[in-house]
Each structure stands twice: as structure tokens, then as C-alpha cells.
S.K.: 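Encoded as C-alpha cells, here's the structure I'll be asking about.
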Amino acid sequence: MAKFELFKGPYNPQIAEPAVLNFWGANAFFKPEYNAVKKVVDSTADLKKYLKGNPDRRYVIIDPPPNAYGRPHLGNISGYAYQDLLGRFWRMKGKRVLLFPGKDHAGIQGEIVVLRELFRPQGKSKQNMSRKQFYEETYEYFTKTMAAALQDEKRIGLSADYDRNVFTLDPEIVDNVLSTFVKLYEANKVYKGVRIVNWCPSCKTALADIDTKKKDRESTMCFLRYPLKDSVGSLEYITVATSRPETMLGDTAVVVNPDDKRYTKLHGKTLVLPLVNREVPIITDAQVDITVGTGCLKLTPAHAAEDYEIMLRWNKQHPKESVDWINVIDPEGNMCGPIGKYKGMSAEEAKNAVLADFKALGLYEKEETISQHAPVCERCETLIQPLMSSQWFVDVAEMRDKGLDAVKSGEIVIHPKYMTKKYNFWMKNLRDWPISRTLWWGYRFPVWYKGKLETTYGEDGKVLEKISGVVVTDFADAVTKKLAIVSKTSPGEGWLQDENVFDTWFSSGQWPYVTLEKEGLFDEMYPTDALDTSYDILEMWVSRMIMLGLFRTGKIPFKDVYLHGLIKGANGQKMSKSKGNVVELDDLVNEFGADAIRMLYIIGNKAGASYRIDNEKLAGNRNFLNKLWNASRYVFFAAQDLEKPWELAEKDLPFTEEDQKMLTEARDMAKRVEKKIKNFQFGLVAVDLVQSFWHSFCDSYIEQVKNRLYTKDKEGNPINTSEEAIASRRAGQWTLWHILGIYLKLFHPYIPFITEYLWESYPKSPEESGTIMYAKWPEEGKELKQ
RNA sequence: GGGCAGUUAGCUCAGCUGGUAGAGCUCGCGACUUACAUUCGCGCGGUCAUAGGUUCGAGUCCUAUACUGCCCACCA
């Protein structure tokens, strides 16, 4: 047992917190194997035996894995506070608790970071090193940075089982994630095909919709005239508007609204696309807005997602008049396809050339400056170029419906409730999920080709794939021709592995079960009890875990989802380096201590609500901790001559009204705190808990009871010497002792350091736990035998 | 354009299933009381965004409106 000194003066977390960390670190309290009854560490086999068939005996949270390459930010760390609060509470309720820590390789972002931080300073790039070398050096680098990230988790008091810290690219995890892909493939839920994708020209990879964001920008709207092949009455051309004139080279139709009276007589007519002299039809789609622009939409299915959708819809309804797509911009950002002299130009050059040529032909009507929300890459903020590409997709239809049902039925509960609507909305509108990324850092696809796979953008504007020179129409065709296979290991000599890696969310989406399976705890600990994360990754991460969890295990991954708010800077704005309002954990810890920061994270906050780092609040929290410190020291001192208080029977003590009132209040607090933690409303009840301790217990009760505790007056004369006074004094001492115990326990999930530190000096029976982590939560009728 | 939150004391926010407004900070006054000045006591301060409605009674329910924030989106 450590020895914690009750030092004089104000509470100093710089002394107490490191001492407590050492104490915890020297014991196995954070492990679910820790047996608090016998005070030994059970074997994992014994733990599993104990839990088998008794899911109520454990409480499991898989901690969201932060990026492995750096230190977690204050938002990640706030999550640890919530997860830890739940873990500590249930531990005190007698459950075997596992808080499972991990680290994420962070896909695109991870690759960007190592290229910039690790390789560029050494003069290395993907051009001058092998993929193997890149992977190995990055892995080694991440192994080092990961250790630093772990320090912060520990420092904030997260009682996670650090022996089990798992990395997303640990071999066992990789194998399991790959197995999921294979199973999806076997179940016909993953396919490779040429579809329109969000292409990031900088990262040179496809992105899912959710991996993009919108950015405001100024743009020029150009109004272009497309001549009719045969004039209709006096009408010789129609006008279309576009902010990307170069894409007109890939137009395959012009669309009008079927109800637009102005264009009724043009339905089915033909236009001659200028510059390339290609004939394109005028088709209809209800999605075209009559009020926007000219009411005529140029259709470029290969370079605009909505155009692609219109094309699919039209073709489904009009198979005989079907419209095709022509890809005119390749992944390098150069013009390609059947476009004559523009071929080979950059998109920017082509834009200028197209405009000049329209002007020369007298077909340029006018231009307007507009502001628009353009999609950009979430990570590097480069403007997204939609284009046709051969990528792997997950067919989400069935998984999506099951995921919706799991929440609708109440099997999974989202806190706050209103976020359920956000989840439902997103899930209902979910399209097939592109999971291939053209990166080196991540899980390489378990897909093999018999020889070299070549993808080219042909003269006809089509994406052409060849394996060993043999043209394949799609992956299924390649499999039929025995040129491709899905396999976790190489099928043999001459087979080359797919270059793509999985979207990082494809692996994080499997986190709950791959982690537990790695530890051999899946049967006993899945589904997990709760998930805590910030609400902004509800769609990206939570929904994927639900879908993949249901697919792979047939069970939900967790029962409750607690979505915490985002941390803002002192000015109330989002914390970011460019705004200069980033606060470092070290500074806060040094000034206020981890407990005060945890209070800021938790107390007074509720699910989904964002809040800011507020030094005034932190100072208030520090003051509270000092209050708790001094009140405890006072109780220890005032009750020091009360021997073995735990052996005194409550019914034998002559309580005064003030004693009873205080006992009632503390016990009511215990009930309320328990109820609110179970409801995931631990933040608001904590305000009352602080109030109750500070004002009822400290300011009122202690001040009242003091008079009964004095044995000498100011002059040093003996007082309170009657038998009644002595008995009353004992009742007061016992009440102080008893109630402090309740509060220390109630506060422990919130502020674990100071409560652990004080707990050592707290007079307790030999049966009581030496660490407050395993002290019994105060319960009706049971809390008397502390 | 659609959706979701929010609009309560000077500031930051609580007010759960409806019954005549609360906390912290700030501010003013007072107190060196044998745990604590990182303290204690007292006090100032709100027609609960606006307009209607339901109700015996509404920050609390309903309907509009106006702002603020966030998310989504196909203005070519």
C-alpha cells in the first residue's frame, strides 16, 4: 500500500495525482481479471469461467482508438473521462470492468502525416522508396508515437487495461478485418465496378461522400449555347449554365423538367454539342429545377454525381433511348477521351480553351459570378473531382436496414435521443460504400490478379481494365476467366496483389469485435455495454460499427451510444491551430490537475451539448477539490478518537435532527447519482452532488456539528463532559465519518485521483477495499458497513 | 433548399413526465468563526426571444415568426 501524506496547505494535485498514478500502476486494478473479493488477479480463464452465461457480471467499453501518430486532443481526452466514469461506477457496483484501449492507423490522414513528418525531412517520398519500406518504417514510427499517446490516457485517469492496448494494424486484427472482406465477398455484398466516385486529385484516391466536406468559394457561372440539330420554329439553340465548362466535352445529353412548358416541344430533339460535334438528345427528369438557371441542365454523368443518378434513372425508364457516359478527365487531372485537340490538356487549360472557342463561335452568352459550396477532401481540402473509376463497393442495402431496425427496436439506444433522427436520416439515404483507397498505409485488399492489372481511360471515354493484357469487363468476369481471386494469402507464383487499401472506417467499423476476438474474450464480452464518442462521427463510425457488427456477428456491437459534445476554444469557436485557440492538455494539467479537467468535461454537461474550455470554471473546480481536501482532513481529525466507527450500530447512536437530515440527504444523493449515471445523465446530477457536498455538508452540517465535538473551549477548559454530550459527540463523529465515506465514493467516478488519495486515510474496516476503485457503491441498507 | 438543436439574471448555463423561476462566475455589503481566504454569511439582478393557442394554471405542451449554431443537400 502506498502511503499518501495528508500534507498541510491547499490541495496540490501535482503531489497527489502522480502518487495515485503510481499506486494504480503498481497494481492490476484496471484489469477485469482483478478479483476484488480475494484481492488477487484471476487468470483470464477463471475470468471467462466467471462471466460465462452471466453477462450481467461484466461491463465493457471499447475506447475509441485515437490516431496513433500523435497525442490525442482535448476532445479525445474528454471521451476518456466519460468512459472512465462509467467504468469506475460499474466497478464499484461489483462488475468486472474492461475499458479496452487502442490506437488507429488513421488511413489517409496517417499517410499524409508520415509523408510530411517522417519521410520528407529525410528526402524520401513514395517515388523513391518501395511500398514495403514505406510500410515498415511507418509501422515502426507509429509504434513509437503510440507510446506517447498512451501517456495522456493514463494521465487523465482512464482506468483502461493498458496491457491490452491494440493497434488497428496488429497482425491478428489485420487478419480478422480481411476475413470480413472475404465473407462480404462470399455473401455477395462487396463488388468491384466502374462507378462515379469522389476523386481527390491531391491524395489521388477515391473518397466516400462522408469523407468530403463543403467549402464556400467564388465561381463563375458560364452560359453556353448548344445548337439544335434541326431548328424548332425560330429556336436554333438552347442555353445551359455551368461553372465547369471543360466538362461539356463529356456531355451526353441535356435535361429539362418534363413539366416545363417552355421546352415541351424540344423533348426528344437532338442537339449538336459544339467543339466536339457530337449529337446528344434532350431528355427529361423531374429533378431538374425549372426556376434555376435556364431550366436546361447539361448532363455530364462521368463528372457529376447527380448527373450520374439522372442518367441511371432515365436509362431504367427508357432502355431504348439510353444515355451513356464519357469520362473526359483522368485521375491525374488531365483531359482524356474522344475530345480532339483538348486531349492531354490540364483541366484548367481545357477550361480556358473551351471558353475561348465558345466565344469564337459566338456561342458564349454571358457569365455571372456566384458563390457555391464546393466539395473538398476532408483531409487535405483539395477540390473534389468526380470521375468514373473502378473501385470496390460495399452493398449496404441489407446491412443498412438491419442497422435501422436495431435502433428503431430500441436494442441500441442513442443518447441524446434526438441524434437518433440524424442516424436514421443518414442511414436511409446511404448509398453503396466505396471502400478502396489508393494508398499505401492500411490494410491491403485480399485480392489477387494473375499478372499486372492495368486501368486506362480509353479513346472512347471508358475505363478499361486489363489483366495480363486480357480485357475484363468487371471483377466477376475476371474471376470467371481465372485472372482474379479473393484470398487472404497469395495464390502462388505470378499473382499480384490489388494495390488498394481499405477505407479506414472499414476497419474501425469492426473495432468492437476484432479487439475482443484478439483477446479471446468475444464470447464473454460481446455485445459491449456502451460506446462513447463525439457526435460528429455518428455517421462515419457508429453506423459502420452497427452495420458491420450485425453482418459479422449477427449481434449489435453495443447497447448504448453516448454521444458527447465537442470541445471549443475559449472564445466559443471550434478549436483549431489556424484560429490559435488550441489548448494543450499539459498546460491544463499543470495548472489545475486532471480531476479539475474531468470536472470541466463532465459536470453540468449533457449528451450532445458542446462546451468550451473555461479557465474560470477550472478555477472553480480546483477550489472545490480544495474544499473536499480540507473537509476530509477535518473529518479525519475530528473523528480520530472514534474507534472502529464501522463497528458502531447506527440504531444505538443518539442522532440529532441535523445528523438525520444530513444522513437523509447524502443517501438520497447516492440514489440519485446512481440513477442518473445509469441513464447517462451523469453530468447534470453532478452539479447537485457538488452543491450538496459543499453547501449542505461543509457549510451547514460541519459548522453545526462542530459545537458538539469540542472538548475544550477557547480558554482550554473542558466542555461537553456530560454523558449525554459525550454520546452526542460520538453520534456527530460517526455521522461525519459515515457521510464523508458516501461522498468520497459518489465522487470517485468523477474525480478519481483526489478520492483515491483521501481514501487511504479514511478510517475503514479491514473488509473494506484498500483502493476506492473497488469500494462498494453506497446502497440502501448496505452502505452502513463501510 | 431540407433537417436538428438552441434563444431563461451582466456572463456561462440548469430547470425530468406543466403548478406562480435556480446554480456558478461577476457585482455590492459584511465576517481573520480552533478544515479551508482556492473561505464563510447576506444581498442586487429575469414581463423565461416574439405573437397566438390548449389548460383552472405554461420557460415547461401546440402553431406561427425572428434570430444563433450545427448537419445534410442535385441550384446545374
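In this text the structure is predicted, and so the values were computed from the model without any measurement. Letters A, B, ... mirror the listed sequences (proteins, then strands); counts begin at 1.
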S.K.: Could you tell me how far B/C36 sits from B/G19 if I compare only their P atoms? Round to whole Å.
M.R.: 43 Å
S.K.: Please determine which of A/Asn720, A/Asp641, A/Asn707 meets the side chain to side chain donor-acceptor pair (under 3.5 Å) test together with A/Arg729.
M.R.: A/Asp641
S.K.: If we take the P atom in both B/U33 and B/A21, what is their distance in whole Å?
M.R.: 38 Å
S.K.: Who pairs with A/Cys698 by side-chain contact (heavy atoms from CB on, under 4.5 Å), at least two apart in sequence or on another chain?
M.R.: A/Lys627, A/Ala631, A/Phe693
S.K.: Would you mind classifying the nucleic acid contact of A/Asp289 as base, sugar-phosphate or nothing, using non-hydrogen atoms under 4.0 angstrom?
M.R.: base
S.K.: State which residues pass side-chain contact (heavy atoms from CB on, under 4.5 Å) with A/Val687; sequence neighbours excluded, sorted by chain then number.
M.R.: A/Ile603
S.K.: Does A/Thr212 or A/Cys698 map to a spot on RNA chain B nearer the 5' end, using the closest nucleotide for each?
M.R.: A/Cys698
S.K.: Check A/Lys213 with A/Glu381, please: is the shortest side-chain N to carboxylate O separation under 4.0 Å?
M.R.: yes
S.K.: At 4.0 Å (heavy atoms only), tell me whether A/Glu703 reaches a base, stays on the sugar-phosphate, or touches nothing.
M.R.: base
S.K.: For A/Gln691 and B/C13, what is the distance between atoms CD and P respectively, to the nearest whole Å?
M.R.: 18 Å
S.K.: Look at the side chain of A/Met221 and decide which nucleotide, out of B/A76, B/C40, B/C74, has an atom nearest to it.
M.R.: B/A76
S.K.: So what does A/Arg244 touch, heavy atoms closer than 4.0 Å: a base, only the sugar-phosphate, or nothing?
M.R.: nothing
S.K.: Does A/Trp694 put a side-chain nitrogen or oxygen below 4.0 Å from OP1 or OP2 of B/C40?
M.R.: yes
S.K.: What does A/Ile370 touch in the nucleic acid at a heavy-atom separation under 4.0 angstrom: a base, only the sugar-phosphate, or nothing?
M.R.: sugar-phosphate
S.K.: Determine: side-chain N/O of A/Lys606 to OP1/OP2 of B/G15, distance under 4.0 Å, yes or no.
M.R.: yes
S.K.: For RNA chain B, just give me the dot-bracket, please: Watson-Crick or G-U, both distances below 3.5 Å, ( ) intra-strand, [ ] crossing earlier pairs, | paired with another strand, . unpaired.
M.R.: (((((((..((((........)))).(((((.......))))).....(((((.......))))))))))))....
S.K.: Quick one: A/Asp260 CG to B/A76 C1', roughly how many Å, whole number?
M.R.: 14 Å
S.K.: On the side chain of A/Gln287, is there an atom forming a donor-acceptor pair with the base of B/A76 - under 3.5 Å, no angle test?
M.R.: no
S.K.: Between B/A64 and B/C27, how far apart are the C1' atoms? Round to whole Å, please.
M.R.: 40 Å
S.K.: Expressed in whole Å, how much space separates the C1' atoms belonging to B/A23 and B/G45?
M.R.: 14 Å
S.K.: With rounding to whole Å, what would you report as the distance between B/A14 and B/C67 at their P atoms?
M.R.: 24 Å
S.K.: Roughly, in whole Å, what's the span from CD1 in A/Ile414 to P in B/A5?
M.R.: 14 Å
S.K.: Return whichever of A/Phe425 or A/Ala631 has its heavy-atom-nearest nucleotide of RNA chain B closer to the 5' end.
M.R.: A/Ala631
S.K.: How far does the C1' atom of B/U20 sit from the matching atom of B/U55, given to the nearest Å?
M.R.: 15 Å
S.K.: Could you check whether A/His303 gets within reach of a base, just the sugar-phosphate, or nothing at all, counting any heavy atom under 4.0 Å?
M.R.: nothing
S.K.: Just how far, in rounded Å, is P of B/A73 from NE2 of A/His373?
M.R.: 12 Å
S.K.: Consider the side chain of A/Lys214, meaning its heavy atoms from C-beta on, and name the nucleotide among B/A73, B/A35, B/C71 that approaches it most closely.
M.R.: B/A73
S.K.: Under 4.0 Å between a Lys/Arg side-chain N and an Asp/Glu carboxylate O for A/Glu368 and A/Lys366?
M.R.: yes
S.K.: Does A/Lys421 make a side-chain N or O approach to OP1 or OP2 of B/A5 shorter than 4.0 Å?
M.R.: yes
S.K.: I'd like to know if A/Glu658 and A/Arg708 make a salt bridge, using a cut-off of under 4.0 Å between side-chain N and carboxylate O.
M.R.: yes
S.K.: Return yes if the base of B/A35 and the side-chain atoms of A/Lys706 contain a donor-acceptor N/O pair under 3.5 Å, otherwise no.
M.R.: yes
S.K.: Using a cut-off of 4.0 Å on non-hydrogen atoms, how would the nucleic acid contact of A/Leu684 be classed: base, sugar-phosphate, or nothing?
M.R.: sugar-phosphate
S.K.: Is the A/Phe7 to A/Trp629 ring centre distance short of 6.0 Å?
M.R.: yes
S.K.: Can you figure out which of B/A76, B/A35, B/C71 approaches the side chain of A/Glu539 most closely?
M.R.: B/C71
S.K.: What is the distance, rounded to the nearest whole Å, between atom CG of A/Asn630 and atom P of B/U34?
M.R.: 14 Å
S.K.: Nearest to the A/Asp699 side chain among B/U12, B/G15, B/G41, which nucleotide is it?
M.R.: B/G41
S.K.: Looking at the base of B/C36, is there any donor atom on it, or on the side chain of A/Lys627, that sits under 3.5 Å from an acceptor on the other one?
M.R.: yes
S.K.: Using a cut-off of 4.0 Å on non-hydrogen atoms, how would the nucleic acid contact of A/Val288 be classed: base, sugar-phosphate, or nothing?
M.R.: base
S.K.: Could you tell me whether the phosphate oxygens of B/U39, OP1 or OP2, come under 4.0 Å of any side-chain nitrogen or oxygen in A/Asn626?
M.R.: no
S.K.: Over 60° means perpendicular and under 30° means parallel, so tell me whether A/Phe637 and A/Tyr634 are parallel, tilted or perpendicular.
M.R.: tilted
S.K.: B/G59: syn or anti, with syn meaning chi within 90° of zero?
M.R.: syn
S.K.: Is there aromatic stacking of A/Trp426 against B/C72, centre distance under 5.5 Å, plane angle under 30°?
M.R.: no
S.K.: Measure from the side-chain heavy atoms of A/Leu297 and tell me the nearest of B/C40, B/C70, B/A76.
M.R.: B/A76
S.K.: Report the distance from atom CG of A/Leu566 to atom P of B/G6, rounded to the nearest whole Å.
M.R.: 16 Å
S.K.: Classify the ring geometry of A/Trp734 against A/Trp737: parallel below 30°, tilted from 30° to 60°, perpendicular beyond 60°.
M.R.: tilted
S.K.: Within this structure, what is the CZ-to-C1' distance between A/Arg622 and B/U39, rounded to whole angstrom?
M.R.: 13 Å
S.K.: Could you check how far CD1 of A/Ile754 sits from P of B/C36, rounded to whole Å?
M.R.: 16 Å
S.K.: Looking only at atom C1', what distance separates B/U12 and B/C56, rounded to whole Å?
M.R.: 37 Å
S.K.: What distance, rounded to whole Å, do you find between the two P atoms, one in B/G10 and one in B/A76?
M.R.: 45 Å
S.K.: Pick out which of A/Asp251, A/Ile283, A/Val280, A/Ile282 makes a side chain to side chain contact (heavy atoms under 4.5 Å, CB included) with A/Leu299.
M.R.: A/Ile283
S.K.: Would A/Glu309 and A/Arg313 pass as an ion pair if we require N to O under 4.0 Å?
M.R.: no
S.K.: By the 4.0 Å heavy-atom rule, please label A/Tyr710 as base, sugar-phosphate, or nothing.
M.R.: base
S.K.: Taking atom types as they are modelled, would you say the side chain of A/Glu616 forms a donor-acceptor pair with the base of B/C25 within the 3.5 Å cutoff?
M.R.: no
